[in-house]
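Each chain gets a letter, A, B and so on, in the order its sequence line appears, and its residues count up from 1. Any value given below was found using the heavy atoms of this structure, including those in side chains, with hydrogens, waters and symmetry copies removed.
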Protein chains: 2
Amino acid sequence: MDFNIDVASRTPIYRQLAEQIRSAIARGRLQENSRLPSVRDLSRRLVINPNTVARVYTELERDGLLVTRHGLGVFVASPGSDLTRKARRERLMLLLDSFFTEAVLLGFTAEEVREFVQDRSAQFQWQAGV
Amino acid sequence: MDFNIDVASRTPIYRQLAEQIRSAIARGRLQENSRLPSVRDLSRRLVINPNTVARVYTELERDGLLVTRHGLGVFVASPGSDLTRKARRERLMLLLDSFFTEAVLLGFTAEEVREFVQDRSAQFQWQAGV
DNA sequence: TCAACTGTACTATTTGTGTTAGTACAGAAG
DNA sequence: CTTCTGTACTAACACAAATAGTACAGTTGA
């Protein structure tokens, strides 16, 4: 995995890194049980503080995306959220609404947006239908 | 328009208010040329600082969503972004990707998401097809 | 003209977040 | 036992977020 950090950006480093890891998992570029770089290794490569990397790993473990085995490293967890379906749906709707809001304000039509959604969807690793 | 602020939230007040105004415009609950509450009035109603409201209005004017007429008040601007189509598309794709990422990580299937998109779309005031 | 509204600009202060730095501790592997 | 792993903690600095207060300028209507 190759991550990259823009220190000039106004979005915090730990957010940038966390989003890149989430995205990599959702797209299948990081598979279940695969190991992530060590805190010290990654911090050296990105030229950021080890604490910042550790913070990201801790946050993602709290979200159930990563599992750390002490002394061994950090690994991608098995998929599956512990939230109720209602909670998961509400969380997703917030993002959907902000997406639609931006789409309208940017002047896109409903047709255009439908097309974007259709095309872009292929880049993600969806769970098989229940 | 009724706005509400959660001071206990970790998201900044000015972000909460800005998002609510953006959303109201995108959904058509705030129509073109309609007037927003004055800085002092709204700050009194929400029990926040006038500066915070002024900051939000300034930001949204910079984004082209609002227009202020000195001495008269702040109004909803005419729709239309000054960005190029490419820039607008890239901006929207960032939001679409984070939506898809969250959807996958929450365990939703492609079918479910397609349905969400279809249903929710009706709540927004889309520009007529070109 | 003047009072009362509008937004704008500025400084000062407080609080919290983001980041780095450094040290120390504990589990796992060879 | 050395060396890797993640964890925990404190200290320090810079910046963002928010409040408070004051002052200025444009618009309206009595």
Report the distance from atom [atom1] of [X] to atom [atom2] of [N], rounded to the nearest whole Å.
| X | N | atom1 | atom2 | result |
| --- | --- | --- | --- | --- |
| B:Glu59 | C:dG7 | CD | P | 17 Å |
| A:Asn51 | C:dT17 | CG | C1' | 15 Å |
| B:Arg55 | C:dC10 | CZ | C1' | 15 Å |
| A:Asn49 | C:dT19 | CG | P | 10 Å |
| B:His70 | C:dG7 | NE2 | C1' | 4 Å |
| A:Ile13 | C:dG18 | CD1 | P | 11 Å |
| B:Arg40 | C:dC5 | CZ | P | 10 Å |

B:Ser23 versus B:Arg27, side-chain donor and acceptor atoms under 3.5 Å: yes
Carboxylate-amine/guanidinium contact B:Lys86 B:Glu90, below 4.0 Å: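 Answer for the salt bridge query: yes.
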Residue whose nearest DNA chain C nucleotide is more 5′ - A:Val7 or A:Gly71: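 Nearest-nucleotide comparison on DNA chain C picks A:Val7.
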Which residue lies more 5' along DNA chain C, comparing A:Leu72 with B:Leu36 via nearest heavy atoms: B:Leu36
Contact class for [X] (heavy atom, under 4.0 Å): base, sugar-phosphate, or nothing?
| X | answer |
| --- | --- |
| A:Arg35 | sugar-phosphate |
| B:Arg15 | nothing |
| A:Arg69 | nothing |

Side-chain N,O (A:Tyr14) to OP1/OP2 (C:dG18) below 4.0 Å: yes
side-chain N/O B:Ser38 vs C:dT6 OP1/OP2, d < 4.0 Å: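 Result: yes.
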Residue A:Arg35 excluded, over 12 heavy atoms near CZ under 6.0 Å: yes
A:Phe100 side chain reached by B:Gln123 side chain, heavy atoms, under 4.5 Å: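 They are not in side-chain contact.
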Polar side-chain atom of A:Arg88 near backbone of B:Leu106 as donor-acceptor pair, under 3.5 Å: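 A pair under 3.5 Å: yes.
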B:Phe108 ring center within less than 6.0 Å of A:Trp126 ring center: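 No.
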Listed once per pair and sorted, the side chain to side chain donor-acceptor pair (under 3.5 Å) pairs that draw on residues 67-78 of chain B, sequence neighbours left out: B:Glu32-B:Ser78
Boundaries of the DNA chain D segment in contact with chain B, non-hydrogen, under 4.0 Å: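 The contacted stretch runs from D:dA17 to D:dT28.
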